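Each remark here refers to the structure printed beneath this line.
A note on names: the letters A, B, ... follow the listed sequences, proteins ahead of strands, and every chain is numbered from 1. The figures that follow rest on heavy atoms only: side chains count, while hydrogens, waters and symmetry mates do not. Computed from a prediction, not measured in an experiment: that's the story for all the values here.
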There are 2 protein chains.
Amino acid sequence: MLAGLAGVAKTLGHPQRLEILEHLAQGERSVEAVAACVALSTANASQHLRLMRGAGLLTSWRDGKHILYGLSDPAVLNALAALSRVAERHSAEVREVIGSYLHVRDALEPVTRKELTRRLKGDLITVLDVRPADKYAAGHLPKAVNIPLRELARRLREIPRGGEIVAYCRGPYRVLAFEAVALLRTRGFKARRLKDGYPEWRAAGLPATSGTSPPASRHIQRAQ
Amino acid sequence: MLAGLAGVAKTLGHPQRLEILEHLAQGERSVEAVAACVALSTANASQHLRLMRGAGLLTSWRDGKHILYGLSDPAVLNALAALSRVAERHSAEVREVIGSYLHVRDALEPVTRKELTRRLKGDLITVLDVRPADKYAAGHLPKAVNIPLRELARRLREIPRGGEIVAYCRGPYRVLAFEAVALLRTRGFKARRLKDGYPEWRAAGLPATSGTSPPASRHIQRAQ
DNA sequence: CAATGATTCAATAGAGTCATTGAATGGAGA
DNA sequence: TCTCCATTCAATGACTCTATTGAATCATTG
């Protein structure tokens with residue numbers, strides 16, 4: 001039952017076979033032609049082709065002194081498309097995570113001070129301070145909860161799902177908030193970072209609070 | 001590029017991983033729960049789960065002291081469905097071919113002695129004796145050509161295309177003639193089997209010949 | 001802060017897969 | 001009927017994947 005399905009999948013699990021399939025999707029080819037297309041030895045191409053024929057992906061027939069292979073069914077292309085959609089989305093996530101660490105960090109659309117101020121009044125939003133506890137105690141955004149970045153992974157349950165999270169750290173080009181957002185997103189949270197850090201917030205004359213974070217805080221501070 | 005796609009496919013190429021996916025499609029589970037569902041050791045289940053998470057099929061998060069795994073994306077189910085459609089259609093074909101070998105053999109419409117006698121007088125027909133050469137020498141149907149089953153595949157060229165072929169062997173429920181007919185049909189011949197075997201033919205008092213087969217016979221004996 | 005226990009890591013043996021080589025097959029064309 | 005050659009087969013070594021074991025990790029829980 002599942003073995004047959006796994007067999008088909010396993011047959012697709014080889015880059016060169018996929019390449020062959022792409023070529024055959026454009027029309028039937030002889031073994032030799034396929035081998036030339038994908039730069040394989042004839043014997044090797046023959047083996048791949050026969051394997052795929054055995055899995056029901058291809059059919060073959062003779063034409064003169066050549067044996068032509070072709071897709072056995074349009075459903076094969078559907079399966080390929082479905083797989084590539086999964087792979088694509090996954091690799092997009094990978095790119096996003098990797099990128100958020102290295103390259104495209106600003107593509108994560110930071111939240112501006114102004115926007116945060118506005119949303120703090122109405123929306124369901126969690127403000128996350130990822131600085132060390134002492135910095136937090138010295139002063140932080142109103143209603144912010146403090147979870148230093150190093151502890152974030154193990155304290156995710158303290159963060160409410162469903163709402164959006166805005167993370168901030170020391171300044172506009174610091175990495176802590178980036179890392180936090182990347183981590184939270186991989187865990188399924190809706191997270192963004194504050195465009196600037198705490199110093200900028202203070203410099204803008206916006207309200208701030210001081211004091212320690214609620215101990216072993218299971219009580220999330222949440223706007224509204 | 002294709003490597004990522006192949007990676008996803010390869011990850012799906014294991015029956016137990018597919019089984020795990022089916023379970024997770026019904027809801028998130030902890031590693032232990034998955035292991036119990038599919039009868040695996042915890043460590044082994046953990047490895048499979050992590051592999052699939054790495055391929056982008058699953059996501060995981062902590063809940064209390066358990067780590068829950070779940071499908072990362074509905075597209076995963078689409079891909080599974082597409083694959084199973086391919087596998088299903090293929091297995092249907094396989095069933096049909098296998099069936100002609102094993103189950104539905106009598107659907108191959110055997111030729112009766114009477115019918116063969118009649119057609120030997122007029123039709124373009126080839127009588128094929130697939131018994132070993134010594135049996136053939138001891139006595140065979142008139143105008144029959146002897147090609148033992150084991151040699152049939154490599155001696156197909158000796159059989160004329162265009163006409164119908166009637167194969168027989170030792171008795172009504174012997175497999176040699178079945179196999180011969182199945183083989184000939186896959187190669188594009190019109191082939192049927194004699195309902196009974198040679199003994200029954202003799203017992204019915206019908207004509208028979210004896211002597212060895214024409215050596216390296218390229219001369220096909222053919223009625224009419 | 002220590003104990004607990006779920007999960008993961010590490011290492012291993014065994015099985016399976018891949019690509020290459022050289023030889024065999026068997027159908028087509030003359 | 002004979003020859004040619006596209007394709008397949010067979011066998012090998014390198015490599016990867018799988019399952020098992022036991023130990024390590026790490027977050028929760030009290």
Side-chain angles (χ1 to χ4, degrees), chain A residues 3 6-7 9-17 20 29-36 38-55 58 60-69 147 150-158 187 215-216 218, chain B residues 3 6-7 9-20 29-36 38-55 58 60-69 147 150-161 183 186-189 215-220:
Chain A
K10 190 184 291 183
T11 308
L12 291 174
H14 196 285
Q16 288 187 307
R17 284 199 283 270
I20 291 175
R29 301 279 156 80
S30 70
V31 177
E32 243 185 4
V34 168
V38 300
L40 284 176
S41 72
T42 307
N44 199 356
S46 171
Q47 287 185 40
H48 283 305
L49 289 168
R50 232 163 34 73
L51 193 59
M52 290 193 278
R53 187 183 59 194
L58 302 178
S60 66
W61 61 94
R62 177 171 285 272
D63 174 58
K65 55 193 330 182
H66 290 272
I67 287 187
L68 299 184
Y69 279 84
I147 303 182
R150 290 194 46 175
E151 302 169 30
L152 185 56
R154 78 186 74 155
R155 290 174 64 186
L156 282 176
R157 50 185 308 196
E158 303 176 23
R187 303 305 178 92
R218 295 284 165 72
Chain B
K10 190 185 290 185
T11 307
L12 291 174
H14 197 287
Q16 287 187 308
R17 284 198 284 270
L18 293 177
E19 197 177 351
I20 290 175
R29 300 278 156 79
S30 70
V31 176
E32 242 188 3
V34 169
V38 301
L40 285 177
S41 71
T42 306
N44 199 356
S46 170
Q47 286 187 40
H48 283 304
L49 289 168
R50 234 162 31 74
L51 193 59
M52 290 194 278
R53 188 183 58 193
L58 302 179
S60 65
W61 61 93
R62 177 170 286 272
D63 174 58
K65 56 193 328 182
H66 291 272
I67 288 187
L68 299 184
Y69 279 84
I147 302 181
R150 290 193 46 173
E151 301 170 28
L152 184 55
R154 80 184 72 154
R155 292 174 64 186
L156 283 175
R157 48 188 308 196
E158 303 177 22
I159 301 173
R161 290 179 175 272
L183 173 60
T186 63
R187 301 306 178 91
F189 290 92
S217 100
R218 295 285 166 73
H219 308 87
I220 298 305

Measuring from the side chain of [X] (C-beta onward, heavy atoms only), which nucleotide among [options] has the closest atom?
X        : options                   : result
Lys10(A) : dT8(C), dT17(C), dG27(C)  : dT17(C)
Asn44(A) : dT7(C), dT20(C), dT8(C)   : dT20(C)
Ala43(B) : dA28(C), dT21(D), dT7(D)  : dT21(D)
Ser46(B) : dT7(C), dT7(D), dT28(D)   : dT7(C)
Arg17(A) : dA19(C), dC18(C), dG5(C)  : dC18(C)
Ser30(B) : dG22(D), dC9(D), dT7(C)   : dT7(C)
Gln16(B) : dG27(C), dA19(D), dC17(D) : dA19(D)
Val31(B) : dT18(D), dC5(D), dT8(C)   : dT8(C)

For [X] and [N], what is the distance between atoms [atom1] and [atom2] respectively, to the nearest whole Å?
X        : N       : atom1 : atom2 : value
Asp63(A) : dC5(D)  : CG    : P     : 18 Å
Leu12(B) : dT18(D) : CG    : P     : 12 Å
Arg53(B) : dT7(C)  : CZ    : P     : 12 Å
Leu18(B) : dT18(D) : CG    : P     : 12 Å
Leu40(A) : dT7(D)  : CG    : P     : 14 Å
Leu68(A) : dT8(D)  : CG    : C1'   : 16 Å
His66(A) : dT7(D)  : NE2   : C1'   : 11 Å
Trp61(A) : dT8(D)  : CH2   : P     : 13 Å

Tell me whether the OP1 or OP2 atom of [N] has a side-chain N or O from [X] closer than 4.0 Å.
X        : N       : value
Tyr69(B) : dA6(C)  : no
Arg50(A) : dC9(D)  : yes
His14(B) : dC17(D) : no
His48(B) : dA19(D) : yes

Verdict with reasoning, Tyr69(A) to Arg53(A), per side-chain contact (heavy atoms from CB on, under 4.5 Å)
CA-CA 9 Å; Tyr69(A) 279 84; Arg53(A) 187 183 59 194; 3.5 Å; yes

Could a donor-acceptor pair under 3.5 angstrom be found where the side chain of Gln47(B) meets the base of dT20(D)?
yes

Under the side chain to side chain contact (heavy atoms under 4.5 Å, CB included) test, which residues partner Ser46(B), sequence neighbours left out?
Val31(B)

If only atom types and distance count, is the side chain of Arg17(A) paired as donor or acceptor with the main-chain N or O of Thr11(A) below 3.5 Å?
yes

Do Lys10(A) and His14(B) have side chains that approach each other closer than 4.5 Å (heavy atoms only, starting at C-beta)?
no

Closest approach of Ile67(A) and Ser60(A), non-hydrogen atoms and distance?
CG2-CB, 4.0 Å

Leu40(A) and Gln16(A) have their tightest heavy-atom pair at CD2-NE2, 3.3 Å

